[in-house]
Amino acid sequence: MTLLNIRVEKTETPKPIPGEEDPLVFGTIFTDHMFVMDYEEGKGWIDARIVPYAPLSLEPSAMVFHYGQEMFEGLKAYKGKDGRILLFRPDENIKRANHTNERICIPEIPEEDFMQAIKAIVKMERLWVPSREGTSLYIRPFIIATDPFLGVRPSHTYKFLIILSPVGAYYPEGLNPVKIWIEDEYVRAVRGGLGEAKAGANYVASLKAQVKAHEEGYSQVLWLDGVERKYIEEVGAMNIFFKMKGTVITPALNGSILPGVTRKSCIELCKAWGYPVEERKVSAEELFCAAKEGTLEEVWGTGTAAVISPVGHLRKGDVVLQVGDGGIGSLSQKLYDTVTGIQLGKIKGPEGWVVEVE
Ligand SMILES: *Cc1c(COP(=O)(O)O)cnc(C)c1O
């Protein structure tokens, strides 16, 4: 196993670290340093370094600006009650990152190097990990194509960066059910496309529907499949779960759905608790029928940002559907409490879910 030799250049102008009472608006504050590593064909990933957080200098012709060859990941570091800094299943993010890389022709990063890079930058910025309930240090690894070239092909050079941002509680007043707009015009992804890759390209495809939903007073879009616009895929940038007649159901990974780490964790927990769990196709029609019969017990989204996001009501065209009593379901709440408890080291999770940054 070859370890990265990470060069460290410390900032001479450290920023004030937000206090426990300061508001942390998602993705607005960045720490003093970032991790950077370059890729050159023939040399591989080289020059691993931690440097002051600063603007990048890139050729305007850099391929990422023109054809969008870019990938990203998202995970969090938490401060446990005992002061330890904990990562939640980072190995899953690293494996997924390399699947994304493979899909969009970016060279793979060896898993142990990726892990070392995450741990090194988080350790360097450990004082930035907030400790108030629900807060964390958001970790954003990403790779961009940097060849100065306007032809269409995979780049021969890349930059891999990791930036860090302290983030506040997603639900400062506790879990709050959201209103969902079922989108039947625009689609996020199709099988064979980039849906199962974590690439910026999927997000640009989603903006239009997101704007439309906001204009209608809805917070998130529920995406239907790109072929028949019949089956449910995801909600916003989260995976989606349903509880109907005591069974937990989530759309099967079909090539256009992002395989979420939170999704995987919820499936594993629900199975361990004895719930029947089905990964299969779920049509919007099935959902509406279940709601009419009174068997749609809970709906929730899963993702690193919110962990669990209960859905209180859904709208498709002129039809509005209420889930359960419109409040937070008991399983949604239990999953939230359990996953966040494991993340903070308060509850012992399955082997290997929590990785300490030492
Ligand atoms: C990142 C992401 C998710 C959630 O994945 P987690 O690993 O649970 O954070 C779900 N859907 C999309 C489209 C995503 O980009």
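All ligand and atom numbering here is 1-based and tracks the order in the structure. All residue numbers refer to positions in the sequence shown, counting from 1. Values below: all heavy atoms of this structure, side chains included; hydrogens, waters and symmetry mates excluded.
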Open item on the list: One residue to check: Arg96. Relative to ligand 1, which of side chain, backbone, both or neither has a non-hydrogen atom less than 4.0 Å away?
Closed with: side chain

TODO: Considering heavy atoms of the protein only, find what lies nearest to atom 2 (C) of ligand 1 and give residue, atom and distance to 0.1 Å.
DONE: Lys198 NZ, 2.6 Å

TODO: Please write down residue, atom name and distance for the protein heavy atom closest to atom 12 (C) of ligand 1.
DONE: Glu234 OE1, 3.4 Å

Open item on the list: Under a 3.5 Å threshold, yes or no: a donor from one side chain and an acceptor from the other, between Glu196 and His99?
Closed with: no

Task: Closest approach of any protein heavy atom to atom 9 (O) of ligand 1, naming residue and atom - done: Thr304 OG1, 2.6 Å

Task: Nearest neighbour in protein (non-hydrogen) for atom 13 (C) of ligand 1 - done: Arg188 NH1, 3.2 Å

Task: Within 6.0 angstrom of Lys281 NZ, more than 12 heavy atoms from elsewhere - done: no

Task: Which segment of Leu258 sits under 4.0 Å of ligand 1 when only heavy atoms are counted - done: side chain

Open item on the list: Starting from atom 15 (O) of ligand 1, what is the nearest protein heavy atom, named by residue and atom, and what distance separates them?
Closed with: Tyr203 OH, 2.5 Å

Open item on the list: Is Lys264 close enough to touch ligand 1? Criterion: a residue heavy atom under 4.0 Å from a ligand atom.
Closed with: no

Task: Heavy atom of Gly74, distance to ligand 1 below 4.0 Å - done: no

Open item on the list: With a 6.0 Å cut-off (strictly less than), is the heavy-atom count around NZ of Lys15, excluding the residue itself, greater than 12?
Closed with: yes

